[in-house]
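Just so we're clear, the structure is a prediction, and the values are computed from it rather than from any experiment. Proteins come first, then strands; the chains are lettered A, B, ... in the order of their sequence lines, and each starts at number 1.
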Protein chains: 2
Amino acid sequence: MGQAEYDLLWGEPHRNGRGRPAALSRERIVAEAVAIADAEGLQKVSMKHLAERLGSGVMSLYRHVPGKDELVVLMYDSLMAGPLPLAEADNWRDVLRHWGLGVRDLFTAHPWALGVATGERVMGPGEAGWVDAVIGRLTAVGMPAELGLIAVLTVDCFALGAVRPEIGGAGSETEYFQFLTDPAIRARYPNLAPLAEPGTAAEGSMEDYFDFGLERVLDGLEHYIESRQ
Amino acid sequence: MGQAEYDLLWGEPHRNGRGRPAALSRERIVAEAVAIADAEGLQKVSMKHLAERLGSGVMSLYRHVPGKDELVVLMYDSLMAGPLPLAEADNWRDVLRHWGLGVRDLFTAHPWALGVATGERVMGPGEAGWVDAVIGRLTAVGMPAELGLIAVLTVDCFALGAVRPEIGGAGSETEYFQFLTDPAIRARYPNLAPLAEPGTAAEGSMEDYFDFGLERVLDGLEHYIESRQ
DNA sequence: CGAATGATGCGTATGCGATACGCTAATTAG
DNA sequence: CTAATTAGCGTATCGCATACGCATCATTCG
């Protein structure tokens, strides 16, 4: 599986001129699958449904994609091949903040991708290009080169973990703390209870805790860089 | 689905004495499912396989669990009902560090749970108890009460996002950067290339970047708390 | 004590999703 | 024209979740 996935993402396509021309293409298949996942959820991306959308037979898809699992990997990497959230700023802090918010926006627009990102996978060309580009920008505006990767990863990890409640549907903030609406249950969690009382709201209310956490991460990186000198 | 999941996690079981006594129990089913997932992966947790392990018929399981999806939710919450990674320390920084490392260890021991954590879900009693307990400890050792939740969430989010490469198998660090072994491809990513050259290793090497990132997050929180006063 | 009650155990049937196999169709090289 | 080569896809199979209904078995009531 590991090697197969690797070849899939990084291997070269081959054609020698001869043979029936392809009506389908890997790109069209992946793009349509992403469209379905965005609109109806990853669960609704079945080979059958996908083939219907593309106006082809189910088994035709297998001429362009090894299987369902691999398709999902390709879908994920195709997202990363899109536009980069690279700020024009002249300092690394703004670049990283813009990056972190860009990651949040990407996963908010494509909620299904979060499960892929946190699953087992190898890095594909799209994602590699993404990460490489930020690191380049960061070093260009003064971040020490040895710190680029680790800084990006730290921000990425936070963003990845923190984006879930930003996504609508079950799992979003409101439903997540649904149990606090029951007074009897609320009493069992004295430290969580204040969340249900509007006046006593916790600092940096849930609404913008992504931004709060991101600033803390940036603070931490800044503190580290300063202390190194 | 939202309401059903909620009732499942927070609703009271009911029995009125009459009727055939149950040979199976929700607890046994969930525990066995967790054992399978730990040993063979979540993918191998099928109702059939699970029933065989329990020595019962497949459909018997449905008397105790509404369905497969709900079973997974219960499996996840059962993890959180286990022992808490609460440090005995007398300062919030040590408590939060211990907490973050505990989260990492939990997901390393139960890799399948990461996908559940980042998926859509509502908070169950186990997880609520977890979070409530840390917040209590944090305020006990001096962290301002309004900051407890947001601090825990920030650390949690980082830990959740950063734990993936700590888990073995595909997706772990080595295979993740597999493409860098090809010189031709490496040339396309100048900023990532140093990763493949042993001598020029990036600072805070990949091995311990979880710890590195965690310290940065703690730094950031500390800086914030100091600046508030 | 025997039958009604209410809950459980579970075999069978259904339907869906992924995909192996093999045949047919469409091009081009020689 | 013929062989080589590659794409499209119908059919069959297999695994999985689960709806339905019946048999089973303590408890409780008449």
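- Residues forming a side-chain contact (heavy atoms from CB on, under 4.5 Å) with A:Pro66 (at least two apart in sequence, or on another chain): A:Leu8, A:Arg26, A:Glu70.
- In this structure, of D:dC9, C:dA25, D:dC25, it is D:dC9 that holds the atom nearest to the side chain of A:Ser56.
- Side-chain N/O atoms of A:Ser60 include one lying less than 4.0 angstrom from OP1 or OP2 on D:dC9.
- Qualifying side-chain hydrogen bond (donor to acceptor under 3.5 Å, both in side chains) partners for A:Asp38, counting only residues two or more places apart in sequence or in other chains: A:His110, A:Trp112.
- Between the CD atom of A:Glu52 and the C1' atom of D:dC9 there is a distance of 14 Å, rounded to whole Å.
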Please write out each protein N/O paired with an N/O of nucleotides 28-30 of chain C under 3.5 Å, distance rounded to 0.1 Å.
residue, atom, partner, partner atom, Å
C:dA29, O4', A:Arg18, NH1, 3.1

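- The phosphate of D:dG8 (OP1 or OP2) has a side-chain N or O of A:His64 nearer than 4.0 angstrom.
- Shown here are the salt bridge (Lys or Arg N to Asp or Glu O under 4.0 Å) partners of B:Arg216, two or more places apart in sequence or in another chain: B:Asp219.
- For B:Arg97, the side-chain hydrogen bond (donor to acceptor under 3.5 Å, both in side chains) partners at least two apart in sequence or on another chain are B:Asp94, B:Glu215.
- Ring geometry for B:Trp10 against A:Phe179 counts as parallel: the plane angle stays under 30°, on a 0 to 90° scale with 60° as the upper cut.
- Here D:dG8 presents its C1' atom at 13 Å from CG of A:Leu54, a figure rounded to the nearest Å.
- Contacts of A:Trp130 classified as side-chain hydrogen bond (donor to acceptor under 3.5 Å, both in side chains), with partners at least two apart in sequence or in another chain: none.
- Looking at A:Arg104 and A:Asp211, a side-chain N of the basic residue comes within less than 4.0 Å of a carboxylate O on the acidic one, giving a salt bridge.
- For A:Asp156, the side-chain contact (heavy atoms from CB on, under 4.5 Å) partners two or more places apart in sequence, or in a different chain, are A:Trp99, A:Val103, A:Val152.
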Hey, can you pull the donor-acceptor pairs under 3.5 Å for the side chains in residues 51-59 of chain A, sequence neighbours left out?
residue, atom, partner, partner atom, Å
A:Arg53, NH1, A:Glu32, OE2, 3.1
A:Arg53, NH2, A:Glu40, OE2, 2.6

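- Distance CG (B:Leu50) to P (C:dG9): 13 Å, rounded to an integer number of Å.
- Regarding B:Leu61, its CG atom lies at a distance of 10 Å from the C1' atom of C:dG9, rounded to whole Å.
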Got a list of protein N/O to nucleotides 12-19 of chain D N/O distances below 3.5 Å?
residue, atom, partner, partner atom, Å
D:dA17, OP1, B:Lys68, NZ, 2.6
D:dA17, OP2, B:Met47, N, 2.9
D:dT18, OP2, B:Tyr62, OH, 3.1
D:dT18, OP2, B:Lys68, N, 2.9

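- Within 4.0 Å (heavy atoms only), B:Ala23 reaches sugar-phosphate atoms of the nucleic acid but no base atom.
- The listed nucleotides are D:dG21, C:dA25, C:dG22; the one nearest the side chain of A:Arg63 is C:dG22.
- Distance from the side chain of A:Pro21 is smallest to C:dT27 among C:dG9, C:dT27, D:dG8.
- In this structure, the CD1 atom of B:Ile29 is 11 Å from the P atom of C:dT8, given to the nearest Å.
- Distance, A:Leu24 CG to C:dA26 P: 15 Å, rounded to whole Å.
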